[in-house]
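Written below as structure tokens is the structure these notes are about.
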Amino acid sequence: MTDRTTLESTIQEIYRARDADDIDALMNWIDPACSFRIVGTDRLGPMTQRVDDPVSLRATLMALMESWDLSGVGNTGLCIEGDTVYVHRVGTVLFIPTDTRFDTEFVDKFTFRDGRVVELTEFVDTLLVAETAGLVAPAVAENIHA
């Protein structure tokens, strides 16, 4: 089990790499056997499908970095249980393709083994993401919110 100080530092380095769009620095923290997913319905397509091979994971993370600027988001809470870290994040997200900004909050769950991430799961407002990315028509989304 990795000590708390090391995990906290590693999380800071991971988010620093993400904010800088530095895919190589980010991938240095990722184990080749890592799985990644955004929790949500399969009806949202590739956005919520598990990725678990290094080539696809790198491509997925690059696509997310090219579309979503999270540099306006900060960590507000950290919960560490063994080698699993839950990070509560709050702030302004920019969807780059349409220059759309919105305030949100979400949780990232990291599981570590030997100092590297072996599982990353994101819990986000998938409806808000789908609306912003044009995966769900706003009229449909309005009916869901009603």
Side-chain angles (χ1 to χ4, degrees), residues 1-136 140-141 144-145:
M1 182 167 60
T2 309
D3 69 88
R4 180 180 184 87
T5 303
T6 300
L7 288 172
E8 288 175 353
S9 176
T10 300
I11 291 295
Q12 290 174 357
E13 290 297 319
I14 288 170
Y15 286 130
R16 199 171 291 122
R18 171 62 173 93
D19 289 345
D21 293 333
D22 187 342
I23 189 66
D24 293 324
L26 186 58
M27 293 304 293
N28 283 335
W29 294 107
I30 306 293
D31 189 270
C34 182
S35 70
F36 168 78
R37 76 182 180 109
I38 297 172
V39 175
T41 177
D42 288 342
R43 293 181 300 175
L44 293 176
M47 179 176 83
T48 56
Q49 295 172 355
R50 182 178 304 276
V51 178
D52 58 9
D53 70 88
V55 173
S56 296
L57 180 57
R58 183 183 184 92
T60 297
L61 294 175
M62 271 302 303
L64 288 170
M65 290 190 317
E66 290 168 354
S67 295
W68 301 95
D69 178 353
L70 304 180
S71 62
V73 176
N75 302 345
T76 62
L78 201 73
C79 177
I80 299 175
E81 294 183 13
D83 284 328
T84 301
V85 180
Y86 299 87
V87 185
H88 180 221
R89 308 195 79 210
V90 175
T92 303
V93 171
L94 168 65
F95 182 59
I96 297 165
T98 61
D99 196 36
T100 302
R101 296 175 196 283
F102 58 89
D103 293 329
T104 192
E105 61 184 295
F106 54 94
V107 172
D108 288 335
K109 176 188 168 216
F110 296 86
T111 302
F112 288 86
R113 183 173 55 235
D114 299 325
R116 299 182 82 191
V117 180
V118 293
E119 180 183 23
L120 172 55
T121 305
E122 293 190 339
F123 300 87
V124 302
D125 181 343
T126 51
L127 179 58
L128 179 58
V129 169
E131 288 173 342
T132 304
L135 300 174
V136 174
V140 171
I144 292 171
H145 289 299

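Bear in mind the structure is a predicted one, so any value in this text is a computation, not a measurement.
- Under the salt bridge (charged side-chain N to carboxylate O under 4.0 Å, His left out) criterion, Asp24 pairs with Arg58, not counting sequence neighbours.
- Judged by distance alone, with hydrogens and angles left aside, the side-chain atoms of Asp52 form no donor-acceptor pair with the main-chain N or O of Cys34 at under 3.5 Å.
- One N or O on the side chain of Thr48 and one on the backbone of Thr41 form a donor-acceptor pair closer than 3.5 Å.
- The closest side-chain heavy-atom distance from Val51 to Arg37 is not below 4.5 Å.
- Pairs engaging residues 67-79 under the salt bridge (Lys or Arg N to Asp or Glu O under 4.0 Å) rule: none recorded [sequence neighbours left out].
- Of the residues listed (Leu61, Asp53, Val55), the one engaging Leu57 in a side chain to side chain contact (heavy atoms under 4.5 Å, CB included) is Leu61, and it is the only one.
- In this structure, the side chains of Val124 and Ile38 come closer than 4.5 Å at one or more pairs of heavy atoms.
- Within the 4.5 Å cutoff, the side chain of Asp99 has heavy atoms near those of the Arg101 side chain.
- A donor-acceptor pair is defined here as one N or O able to donate and one able to accept, closer than 3.5 Å; such a pair exists between the side chain of Thr60 and the backbone of Ser56.
- Evaluation of the salt bridge (charged side-chain N to carboxylate O under 4.0 Å, His left out) rule for Arg113 yields no partner, not counting sequence neighbours.
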Throw together a table of side-chain donor-acceptor distances under 3.5 angstrom for residues 102-110, partners on residues two or more places apart or in other chains.
| residue | atom | partner | partner atom | Å |
| --- | --- | --- | --- | --- |
| Asp103 | OD1 | Thr92 | OG1 | 2.5 |
| Glu105 | OE1 | His88 | NE2 | 2.6 |
| Asp108 | OD2 | Tyr15 | OH | 2.6 |

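- Contact record, Val85 with Val87: CG1-CG2, 3.8 Å, taken as the closest heavy-atom pair.
- Note on residues 48-73: pairs passing ring pair (Phe, Tyr, Trp, His ring centres under 6.0 Å), not counting sequence neighbours, are Trp68-Phe95.
- Between Pro54 and Pro32, the shortest heavy-atom distance links the atoms CG-O, 3.3 Å.
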Result block: side-chain N/O donor-acceptor pairs under 3.5 angstrom for residues 115-122, not counting sequence neighbours:
| residue | atom | partner | partner atom | Å |
| --- | --- | --- | --- | --- |
| Arg116 | NE | Asn28 | O | 3.4 |
| Arg116 | NH2 | Asn28 | O | 3.4 |
| Arg116 | NH2 | Ile30 | O | 2.6 |

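- Within the 3.5 Å criterion, the main-chain N or O of Thr6 finds a donor-acceptor partner in the side chain of Thr10.
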Take Asn75 and Ile11 through the side-chain contact (heavy atoms from CB on, under 4.5 Å) test and state the conclusion after the steps. CA-CA 10 Å; Asn75 302 345; Ile11 291 295; 4.2 Å; yes
